[in-house]
Protein chains: 2
Amino acid sequence: MSTNISKYTIERMKDSCLKITPQRVAVLEYLLHTDSHPTADEIYKAMENRFPSISLTTVYNNLNSLCENGLVQELSFGQTSSRFDSDTTNHYHIICSNCGKMVDFHYPELKEIEAFAEQTTDFEVSHHRLDIYGKCEICCKES
Amino acid sequence: MSTNISKYTIERMKDSCLKITPQRVAVLEYLLHTDSHPTADEIYKAMENRFPSISLTTVYNNLNSLCENGLVQELSFGQTSSRFDSDTTNHYHIICSNCGKMVDFHYPELKEIEAFAEQTTDFEVSHHRLDIYGKCEICCKES
DNA sequence: CTAAATGCAAAAAGTTTGCAAACGT
DNA sequence: ACGTTTGCAAACTTTTTGCATTTAG
């Protein structure tokens, strides 16, 4: 996590034919500098300070274009807001059922279960998603 | 999948202090007789025939009360509708990215990854959710 | 210069809420 | 009788769309 957006990231945007707008850079920069898996609205609110004119629509537009081009990952849930993650390498998440905190953890990819599913269901498997739920350290202490 | 709602299911409703209304019975009966993992709206539409007066609100009310009492499981996704499943035993799902079809598959529970997550994150793990994505047989043939 | 991006207001989709009337126990 | 459930209309939340204006390349 460097303080300035990397040249590599700018290159990846250019490679995807995405224009380098200040708003787009700010959204991606924010995601690169946090591990909190923020929602679109949280990103928007974080931006208001330094970027008073940005709109929530623009945040969504940019999250969508970044996701479509694989620079960002969307983690969607039920009725509640999606969360966004600039770490697009293979990893899983653990989520606190109490406060919603979301933490990364790395684990070897579950290829066996994908193979099993493919054999038993006649689907052509592309990927999977695993989320673990529990109670985070802070919420454990509070109860 | 029997044709009539089982006495056992009525008992489970009673045990949960849920009143046995025709609408509630119809919703649960429908879920027990299908493996299609329908949305609230699909259940509602399926009901309109035999049950012209039922409302979508009532379908939601009942799905919620049945979920709260563990008779039904909600599978929520992003912006799109939740799906509901009366099979509350441990099993996983595979979902067609093209047509949305959802199929059950059974696999030994992933206890190791839960234990690993607990060790590496300081969470107290309660459960997990795994969904596999791919293309179903029909959608594969069409492309 | 041109196509893409911005930002506003409005719409869309899914779900929940408030509430009066009806119903189950 | 009592508290629960029903079903209607309206609210709510998150995300998308339409569109005129602005901006990046």
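Below, read A as the first sequence line, B as the second, and so on, with proteins coming before strands; counting in each chain starts at 1.
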Nearest heavy atom decides the nucleotide; on that basis, is B:I20 or B:T39 closer to the 5' end of DNA chain C? B:T39
Rounded to whole Å, please give me the gap between CG in B:L75 and P in C:dG14. 16 Å
Please determine whether a side-chain nitrogen or oxygen atom of A:S53 lies at a distance below 4.0 Å from atom OP1 or OP2 of C:dG7. yes
Find the bend of the helix from C:dC1-D:dG25 to C:dT25-D:dA1 as the angle between its two terminal axes (five pairs each), to the nearest 10°. 40°
So, do B:T120 and A:H106 sit near enough that their side-chain heavy atoms are less than 4.5 Å apart? no
Students should find that the hydrophobic cluster of A:I95, defined by side-chain heavy atoms under 4.5 Å apart, otherwise consists of A:L75, A:F77, A:M102, A:Y133
For B:T21 and D:dT4, is the shortest distance between a side-chain N/O and OP1 or OP2 below 4.0 Å? no
Salt-bridge present (B:D131, B:R129; N to O < 4.0 Å): yes
Rounded interatomic separation in angstrom, taking NZ from A:K14 and P from C:dA4: 17 Å
Quick one: side chains of residues 62-73 of chain B, donor-acceptor pairs under 3.5 Å with protein atoms, not counting sequence neighbours, listed by atom name and distance.
from, atom 1, to, atom 2, distance (Å)
B:N62, OD1, B:R24, NH1, 2.9
B:N62, ND2, B:T58, O, 3.1
B:N64, ND2, B:Y60, O, 3.4
B:S65, OG, B:R24, NH1, 3.0
B:S65, OG, B:N61, O, 3.3
B:S65, OG, B:N62, O, 3.1
B:N69, ND2, B:S65, O, 2.7

Could you walk me through whether B:H128 and B:Y92 satisfy the side-chain contact (heavy atoms from CB on, under 4.5 Å) test, starting with their C-alpha distance in whole Å, then the side-chain angles of each, then the deciding distance to 0.1 Å, before giving a yes or no? CA-CA 10 Å; B:H128 66 269; B:Y92 298 113; 2.7 Å; yes
Atom pairs and distances, side-chain donor-acceptor, residues 45-52 of chain B, under 3.5 Å, sequence neighbours left out:
from, atom 1, to, atom 2, distance (Å)
B:K45, NZ, B:D41, OD2, 2.7

Using a 4.0 Å heavy-atom cut-off across all strands, classify B:S82 as base, sugar-phosphate, or nothing. sugar-phosphate
A:Q23 CD to C:dA4 P, in whole Å, measures 17 Å
Strictly distance-based, threshold 3.5 Å: is any side-chain N or O of A:T121 a donor or acceptor partner for the main-chain N or O of A:A117? yes
From CG of B:D41 across to P of C:dA12 the rounded distance in Å is 16 Å
To the nearest angstrom, the CD1-C1' distance between B:I54 and C:dA22 comes to 15 Å
Return the polar atom pairs (N/O with N/O) between nucleotides 16-20 of chain C and the protein under 3.5 Å, or none.
from, atom 1, to, atom 2, distance (Å)
C:dT16, OP2, B:N64, ND2, 3.2

For the student: nearest non-hydrogen atoms of B:I113 and A:Y107, plus distance: CD1-CD2, 3.3 Å
In whole angstrom, give the distance that lies between atom CZ of B:R24 and atom C1' of C:dT25. 13 Å
According to side chain to side chain donor-acceptor pair (under 3.5 Å), who are the partners of B:T9, at least two apart in sequence or on a separate chain? B:S6
Using a 4.0 Å heavy-atom cut-off, does B:S81 contact any base of the nucleic acid, only the sugar-phosphate backbone, or nothing at all? sugar-phosphate
Protein-nucleotide distance (B:F84, atom CZ; C:dG14, atom P), rounded to Å: 12 Å
Whole-Å distance, A:N62 CG to D:dA24 P, equals 13 Å
